[in-house]
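The structure appears below as structure tokens.
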Amino acid sequence: MFGCDRICTDCPFVRVCDFAGGGGVYFCSGGFGCRVSGSALDFVNNCGLCGVRFYSFDLTDDEVRSLLEWVENVGRVDIKYIELPRLVPMVSFKDRRSFGFLRDFGFECVVVSFGDLLDLGVFREVVDKGVHYFLRFDGRVLLSSVMPDELIVSGDVFDLFVRAAVAGCFDGVVCWDVPVYFDMPLYYSWVNLVKGLELTYRLCELDVPVIALVKGNTPNQIRFSLDTLKRIGFRNYGLHASEYLQRFRFDARSRNILYRYADELGGRVDNLLVIGALRPDSLKFIHEIFSSVRNLSVCGLSYYLDARDYRLYLRGGVMNVSRKFLRCSCPGCGGVGGRRLLEDLELRVRHNLVQLKCLADGGTMYEGELYDLVVGEGERAVFVSDLHIWTVESRFERFLQFLGECRPDHLVLLGDVFDFRFGRPSIQLVKAFFNAVRRVGCTVHLVGGCCDGDLNSFLRALDKLAFQNVPPSLIYTAKKNEPGGIDVRSKVLLDFYRFYRLVKDELMVKLPDDSVLLAFHGHKLVENPREKLEVARKLMTEYRVFRGVDWLVMGHLHRAFIDYDEGLAGAGCWQIPPRHLEGVVSKDDLFRAVLVDGDGNLDLIGVSLGSV
């Protein structure tokens, strides 16, 4: 219990407050739970320890009493009504990729946050030309009063909001959002509540529909807010639920407050817009607890924020595709997946919104297939193994030549790229490798090998690169970046770290002909790289059948081959045979790679031997 710092006998809200008779002490929600008996707002906002902040309208006790009396006696007014669809996306002015396609997918109404308008350039354009022109959207656009708390309680912001709503030609407003958090002093949450009701009433003077936000964090506050709004005559109501949904799983108070809203609103309102619930799990939950509301609409921006963070909605849940390729048949993707879905934020946003629309319309979301790599039609993937860069036997320059000539869409490296065990780390070779990959512009996929798949050996190699010709001083001083010096080294080390941070044990690859290919280094299947090829092939065949895939491609053996009957391939190597592989690896195994073409066919390719 956080409590209230005001003595109840002197409080204007004593007749309506749940806490009547228990005031006078407030326990701060910061990490130390400080007991405050004076002005809690001053104490909390001036404390430099926990970082807790609360904002409230600056009103005297007399102003509060007068405002409360007005709210309790306000009469009915004529307010326009708006019928909303089940799904109302919130869009961000800061990124056109969140709204440029909405009308094409059947979205008739969107919400924008006033906080987005506060960018001066955006505000002027919207006010001068209208929000529909700015969004290139001919549906209905609602302006929400969601903004930072310090702006909500500022006097001049309300007038700015009204100006934007009128001059920007918005089709409705959602208001007035005020801070009434359950951990703030109760007196100030009441002050904000009644002031918010007054500002909501004033917005009725606009010639547009007003969706009135029901506010409160105690049963009496919620009931007081709803009673006042119904007495005024509102028909559209809103609930800002994001605060409660974010804390729902671990905070009992948030759960109870949300259920209280469901009890109060469920039997008393016919039209409700729930804001901040536009994720699959939240959408389902809101529909369950507000099932008695006749016209329920859900709004939010999570679909865009999740898409930006590579979290996509599928029938099985929310999937992180930052390291996966998705093959999806939903209308949002339009059959496009794989690399384009990783590169195109708008495509991911469309995918999430279309999936949510399916749920909101009473259907189920589309399924998707997740792979480590999807080779699309017309794309080419090259599987390369055993470069053993840093060893004297490596012919790394031949690989650079091959990569520049081949220029694949996808480069799959089957382990032992850099040799942590027997090589001598060189930052120049690391730099050359990543420069070559960048010039080609392909996606890069890596599995760990026996010489570069161990964490400790990786850290030792990283140490050698980091401290090469650089003393590991314990005294850190600011230094100017020097061309070719420490700044360049840092970038190369970051590339190297990221590269091996994404290493996998194996890759599941979907090919253009719908076949599935499994790729890995192979040292755990065939331990000895000198093993006879017929023995290795038998082990590979058994494992391919066990895993239920069409193709198995691996390295480690340093031998290049394709067996079309058994669905097997070896990727060869780019290293002159060291002593333990002499007599096993032939010239035909050198400088080879496995190519998957745009039709899903496999072939061995490479560069001419020349002088090796």
*Between R223 and D227, is the closest basic N to carboxylate O distance under 4.0 Å?*
no
*Regarding T60 and D62, is there a side-chain donor-to-acceptor distance under 3.5 Å anywhere?*
no
_Rounded distance (nearest 0.5 Å) linking atom OG1 of T218 with atom CG of L193_ = 8.5 Å
*Any donor-acceptor pair under 3.5 Å linking the side chain of N192 with the backbone of Y55?*
yes
_Over all atoms of both residues, closest heavy-atom pair of R255 and F250_ = NH1-N, 4.0 Å
_For R235, is there an ion pair with D270 - N to carboxylate O distance below 4.0 angstrom?_
no
*For the student: nearest non-hydrogen atoms of G196 and W176, plus distance*: O-CB, 3.8 Å
*Does the ring center of F107 lie less than 6.0 Å from the ring center of F137?*
no
*Got a second to check how far R247's CZ is from L258's CG, nearest 0.5 Å?*
13.0 Å
*Is there a donor-acceptor contact under 3.5 Å linking the side chains of S145 and D177?*
no
*Parallel under 30°, tilted from 30 to 60°, perpendicular over 60°: which one fits the rings of Y244 and Y261?*
tilted
*With sequence neighbours excluded, tell me which residues meet ring-ring contact (aromatic ring centres under 6.0 Å, His included) with Y500.*
F420, F458, F496
*After noting the C-alpha distance and the side-chain angles of F93 and F134, does the key distance pass the ring-ring contact (aromatic ring centres under 6.0 Å, His included) rule?*
CA-CA 9 Å; F93 280 130; F134 184 88; 5.1 Å; yes
*If every non-hydrogen atom of L312 is compared with every non-hydrogen atom of L326, which pair is closest and at what distance?*
CD1-CD2, 3.6 Å
_For H351 against C328, the heavy-atom pair lying closest together_ = CE1-SG, 3.5 Å
*asked:* Is the terminal nitrogen or CZ of R348 (NZ for Lys, CZ for Arg) located under 6.0 angstrom from the six-membered ring centre of Y310 and within 45° of that ring's axis?
replied: yes
*Evaluate side chain to side chain contact (heavy atoms under 4.5 Å, CB included) for V178 paired with F57, printing each intermediate quantity in order.*
CA-CA 10 Å; V178 289; F57 292 95; 3.9 Å; yes
_Polar side-chain atom of R294 near backbone of N271 as donor-acceptor pair, under 3.5 Å_ = no
_Between D156 and S154: side-chain donor-acceptor atoms closer than 3.5 Å_ = yes
*Rounded to the nearest 0.5 Å, what separation is found between the CG atom of D372 and the NZ atom of K504?*
3.5 Å
_Could you tell me if the side chain of L143 sits less than 4.5 Å from the side chain of F114, heavy atoms only?_
yes
*Indicate yes or no for a side-chain donor-acceptor contact from S297 to the backbone of P85 under 3.5 Å, with no hydrogens or angles considered.*
yes
*ring-ring contact (aromatic ring centres under 6.0 Å, His included): which pairs involve residues 192-221, sequence neighbours left out?*
W70-Y201
*Donor-acceptor pair, N320 side chain versus S322 backbone, under 3.5 Å?*
yes
*Side-chain (R231) to main-chain (V71) donor-acceptor, under 3.5 angstrom*: yes
_Shortest non-hydrogen contact between A262 and F290, atoms and distance_ = CA-CE2, 3.4 Å
*Whether S225 side chain and I222 backbone form a donor-acceptor pair below 3.5 Å*: no
*asked:* Just verifying a value: how many Å separate E288 CD and L283 CG, rounded to the nearest 0.5 Å?
replied: 10.0 Å
*Is there a donor-acceptor pair under 3.5 Å between the side chain of S113 and the backbone N or O of V146?*
yes
